[in-house]
There are 2 protein chains.
Amino acid sequence: MDNQLISFTEENYLKIIYLLTERHNGNEVSTNQLAEHTQTKAASVSDMLRKLAEKSYINYRKYQGVRLTEAGEQIALGVIRKHRLWEVFLVEKLGFGWDEIHDIAEQLEHIDSKELTKRLDDFLGNPQFDPHGDPIPDSKGKMPSVSYQKLSEISLNQSVVMMGVSVHSPAFLQHLDKQQITLGCDLKVLEISDFDKSYDLLLNDEIRLFVSNEVARNLLVQISST
Amino acid sequence: MDNQLISFTEENYLKIIYLLTERHNGNEVSTNQLAEHTQTKAASVSDMLRKLAEKSYINYRKYQGVRLTEAGEQIALGVIRKHRLWEVFLVEKLGFGWDEIHDIAEQLEHIDSKELTKRLDDFLGNPQFDPHGDPIPDSKGKMPSVSYQKLSEISLNQSVVMMGVSVHSPAFLQHLDKQQITLGCDLKVLEISDFDKSYDLLLNDEIRLFVSNEVARNLLVQISST
DNA sequence: ACAAAATTTTAGACTAATCTAAAAATATAT
DNA sequence: ATATATTTTTAGATTAGTCTAAAATTTTGT
Ligand SMILES: [Mn+2]
Ligand SMILES: [Mn+2]
Ligand SMILES: [Mn+2]
Ligand SMILES: [Mn+2]
């Protein structure tokens, strides 16, 4: 609609390169990592990287991994913006659970209409974060910077607010639902078990809760400002 | 998401076959007509028809045109249902004009999630008609039957309600906007010019309006029940 | 009824995205 | 340091959807 030049598939590659680069703190993304996340084989990734490099969306030196160019990053951020806005829509307007929305957003993120994205953003009240706590890039392609810590890095008896998750699998999110751990809830680490490094938590200053170390490492929190 | 078996492109062919069959009152659709509406060439259409016939979505005798099978019709109706629901969303929730939504809905109609369609339908209040007055098939794949007449077939001084349009081009819709002819408005034919067969109308029992014969032939109306 | 015109199908080719298998480059481990 | 393992790229095919040009079929007009 707004541009014909970039395919669905190319958008997906650029988005995944962005997210993996972010996860690796700015380091190059490898062919095998991309193959895993695109559900294809390394050979297919190599082909696509050659093509994306030709179009100047990535910087690519054979065998050395890839990094997005400014142009590529802008496309990636546009896709991520749409993905996260649609996730907000699905949860806030249609009443989906945060564990049900990702695959639908994977499709909606490719709908091509600047005007639609703008109106959707306004309709949702210009949200800054998606239902998983991930920041939503603005219409200029700027990603809000956030600095969260893992719950597993927080000292004992420190009150924190739950701000996000670093794993988005339905299984993990449903697990949190069952324990009543939601975005914005209050958490305090009371004790870490010597036996299995599991966590004894206080939820919202009321409820005792036990979670595995695995859970604690995938909860993103912020020191309470109050 | 809900099924992997049918491609974006196949969905479009089935949808267009349905709409053209409807427009031709149930007669077979020809290869050239499909080529025109799919923006491809007759040769490409022939290939696709062979494929769709193989999958039993259409009945196809070479050189004799095509008709949907029950299976094909159900897929077409599902796509049309999504198209029209999204159009309602775009107008009612996002404030788009009825002339701006078709191309966006062309993309959204392929989003594959039964649950999304169901929730969207509920969110919109289970609408029966889209912003152009076209009926929305129900979740069982049943198209509501409507019987409208062209304004050009209505006798003089008969009060009618504007129910739909038989052309959906932005230019036509914007033309109607300028004349303040909207879905649900009241119309009465006061006179038809001998010179150019243009129409002298009374809009909402108040406003005198002159429209071309072309406009009158593309307005769908119903005799007022009051 | 039959020639000419129009429509439709087939043949053969192209592009995007993918695959497997083999070759090349890099990383690792003694 | 050098052999081995791992990763990445290349070579060669495949599939979906499209195209142009040519052949086949149907429709039209006299
Ligand atoms: Mn997601
Ligand atoms: Mn998310
Ligand atoms: Mn439409
Ligand atoms: Mn419509």
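Residue numbers begin at 1 in each chain, while the letters A, B, ... track the order of the sequences. Side chains are part of it too, since the values below use all heavy atoms of this structure and drop only hydrogens, waters and symmetry mates.
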Within the 6.0 Å centroid threshold, strictly below: A/Phe89 and B/Phe89 = yes

Identify the heavy atoms of A/Phe129 and A/Val88 that sit nearest to each other, and give their distance.
-> O-CG2, 3.6 Å

Measure the distance from OH on A/Tyr13 to P on C/dA16 and round it to the nearest whole Å.
-> 14 Å

Sorted by number, residues from residues 56-65 of chain B placing a heavy atom under 4.0 Å from DNA chain D are B/Tyr63, B/Gln64

B/Phe123 six-ring face occupied by A/Lys93 cation (under 6.0 Å, within 45°) | no

Just say parallel, tilted or perpendicular for the rings of A/His168 and A/His132, cut-offs at 30° and 60°.
-> perpendicular

Please report the closest heavy-atom contact between B/Tyr199 and B/Leu151, naming both atoms and the distance.
-> CE2-O, 4.2 Å

When you check the side-chain N and O atoms of B/Ser30 and B/Asn32, is any donor under 3.5 Å from an acceptor?
-> no

For B/Phe8 and D/dT18, give me the distance from atom CZ to atom C1', rounded to whole Å.
-> 15 Å

Positions of residues 25-49 of chain B (non-hydrogen atom under 4.0 Å from DNA chain D), listed by number = B/Thr40, B/Lys41, B/Ala43, B/Ser44, B/Asp47, B/Met48

In terms of ring plane angle, is the pair A/His83 and A/His102 parallel, tilted or perpendicular, where the classes change at 30° and 60°?
-> tilted

Compare every heavy atom of A/Tyr60 with every heavy atom of A/Ala53, then report the nearest pair and how far apart it is.
-> CB-CB, 3.9 Å

What is the distance, rounded to the nearest whole Å, between atom CD of B/Glu54 and atom P of D/dT15?
-> 13 Å

